[in-house]
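Below: one structure, written as structure tokens.
Letters go in sequence order (proteins before strands), and every chain restarts at 1.
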Number of protein chains: 2
Amino acid sequence: MKNPPSTYRCPCGATLSLIGGKYKIVILWFLYQNSVLRFNELHRLVPEATTKMLAQQLRELEADKLVERKVYPVVPPKVEYSLTPFGRSVLPVLEAMNAWGASYLEAHGA
Amino acid sequence: MKNPPSTYRCPCGATLSLIGGKYKIVILWFLYQNSVLRFNELHRLVPEATTKMLAQQLRELEADKLVERKVYPVVPPKVEYSLTPFGRSVLPVLEAMNAWGASYLEAHGA
DNA sequence: CGGTATCCGCATCGATACTG
DNA sequence: CAGTATCGATGCGGATACCG
């Protein structure tokens, strides 16, 4: 997602540039709920994302230091994803979104 | 933005479907800051949005009852945008995003 | 298991012109 | 002032195939 100039007038823009990707918030949310997840575990939780998209979003989150990727040199391969401390700092945003979304779903037909 | 199936497992998805549009959060933020804004006032605050996009996002926010559009039948035309009570209820999300974005911009080079 | 690589359709978005 | 209409390019993202 682009980093719009009005970032300077609204820091929300900076937030969106980091966690505004199509599946990023959902990924962060499930990683927060589960602490550690392997690729396919995460994929089962977010089945509407293709392998490609899930990997791409994870790479971006990793590049932005929100997510840690730990590779175990074993066969079959084992890779674990978890939140970094910085990633955990997004929690207030996630919780606000989760709470608002939940109340919306409750009010309107879920 | 689409409404992913994992909405059912993560209400954040519902939130994103309402405020996840390209300029929606920034729009909501400025409307919260200013209470009432005319179309061109808002456009000056979000100059990277084209007229088309700004209008489109505002229509969607209006359809979702987050924003109220008040038209004054005068020449030249006068239209005022403001948050509905429901729109104001998103504030916790906006503030969380703003706070996190601000601290990020402070830590890294803005 | 945990991914890449490639191709490509199609929605999104920008640019431009025009209007009440 | 506050938009709409239209066209066309871009790039996101899905489908598929393949790899260490």
Side-chain angles (χ1 to χ4, degrees), chain A residues 1-7 13 16-27 30-31 34-64 67-83, chain B residues 1-7 13 16-27 30-31 34-64 67-83:
Chain A
M1 195 166 274
K2 306 285 172 47
N3 197 359
S6 56
T7 295
L16 282 177
S17 71
L18 290 180
I19 64 174
K22 192 172 187 186
Y23 302 110
K24 286 183 181 176
I25 289 180
V26 179
I27 290 171
F30 283 125
L31 282 179
N34 297 275
S35 296
V36 176
L37 286 174
R38 299 180 62 173
F39 186 85
N40 278 344
E41 292 175 335
L42 192 53
H43 202 181
R44 260 170 249 126
L45 292 170
V46 194
E48 71 274 17
T50 60
T51 305
K52 175 188 173 184
M53 284 310 297
L54 189 57
Q56 181 190 112
Q57 301 280 294
L58 282 168
R59 297 291 163 271
E60 292 181 15
L61 289 169
E62 190 190 0
D64 290 333
V67 162
E68 187 193 0
R69 179 173 181 260
K70 188 182 290 184
V71 182
Y72 296 87
V74 296
V75 274
K78 177 176 177 180
V79 179
E80 287 182 345
Y81 293 93
S82 59
L83 295 183
Chain B
M1 198 167 278
K2 304 286 173 49
N3 199 0
S6 56
T7 296
L16 281 177
S17 72
L18 289 179
I19 64 173
K22 192 171 186 184
Y23 301 110
K24 286 183 181 177
I25 290 180
V26 179
I27 290 172
F30 284 125
L31 282 179
N34 296 275
S35 295
V36 177
L37 286 173
R38 301 181 60 172
F39 185 86
N40 278 344
E41 290 175 336
L42 192 53
H43 202 181
R44 260 170 248 127
L45 292 170
V46 195
E48 71 274 16
T50 60
T51 305
K52 175 189 173 183
M53 284 309 298
L54 190 56
Q56 179 190 111
Q57 300 280 295
L58 282 167
R59 295 293 163 272
E60 292 181 16
L61 288 169
E62 189 189 1
D64 290 332
V67 162
E68 186 193 3
R69 179 170 180 262
K70 186 182 290 182
V71 181
Y72 295 86
V74 296
V75 275
K78 178 177 178 179
V79 178
E80 287 182 345
Y81 292 94
S82 58
L83 296 183

Side-chain N or O of [X] versus OP1/OP2 of [N]: is the shortest distance under 4.0 Å?
X: B:Tyr23; N: C:dT12; answer: no
X: B:Lys70; N: D:dA2; answer: no
X: B:Arg69; N: D:dA2; answer: no
X: A:Arg38; N: C:dC1; answer: no

For [X] and [N], what is the distance between atoms [atom1] and [atom2] respectively, to the nearest whole Å?
X: A:Asn40; N: C:dG2; atom1: CG; atom2: C1'; result: 7 Å
X: B:Lys24; N: C:dC13; atom1: NZ; atom2: C1'; result: 15 Å
X: B:Tyr72; N: D:dG3; atom1: OH; atom2: C1'; result: 18 Å
X: B:Leu37; N: D:dC1; atom1: CG; atom2: P; result: 15 Å
X: A:Glu41; N: C:dG3; atom1: CD; atom2: C1'; result: 16 Å
X: A:His43; N: C:dT4; atom1: NE2; atom2: C1'; result: 15 Å
X: B:Leu58; N: D:dC1; atom1: CG; atom2: C1'; result: 15 Å
X: B:Phe39; N: C:dG20; atom1: CZ; atom2: C1'; result: 15 Å

Open item on the list: Checking contacts here: which listed nucleotide (D:dG14, D:dG3, C:dG14) is nearest the side-chain heavy atoms of B:Arg59?
Closed with: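 Among D:dG14, D:dG3, C:dG14, the one nearest the side chain of B:Arg59 is D:dG3.
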- [ ] Have a look at A:Tyr81 and say if it touches a base, only the backbone sugar-phosphate, or nothing, with a 4.0 Å heavy-atom cut-off.
- [x]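 Sugar-phosphate contact only.
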- [ ] Select base, sugar-phosphate, or nothing to describe what A:Pro76 touches, counting heavy atoms under 4.0 Å on all strands.
- [x]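 Sugar-phosphate contact only - A:Pro76 comes under 4.0 Å of backbone atoms but never of a base.
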Roughly how far, to the nearest 0.5 Å, is [atom2] of [Y] from [atom1] of [X]?
X: A:Phe30; Y: A:Glu41; atom1: CZ; atom2: CD; value: 12.5 Å
X: A:Thr50; Y: A:Tyr23; atom1: OG1; atom2: OH; value: 6.5 Å
X: B:Leu54; Y: B:Asn40; atom1: CG; atom2: CG; value: 9.0 Å

Got [X] and [Y] here, is their nearest side-chain heavy-atom distance under 4.5 Å?
X: A:Leu58; Y: A:Arg69; result: no
X: B:Leu31; Y: B:Tyr81; result: yes
X: A:Arg44; Y: A:Leu42; result: no
X: B:Val26; Y: B:Leu45; result: no

Open item on the list: Near DNA chain C, counting only heavy atoms under 4.0 Å, which residues of residues 49-56 of chain B show up?
Closed with: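 Per residue number, the list reads B:Thr50, B:Lys52, B:Met53.
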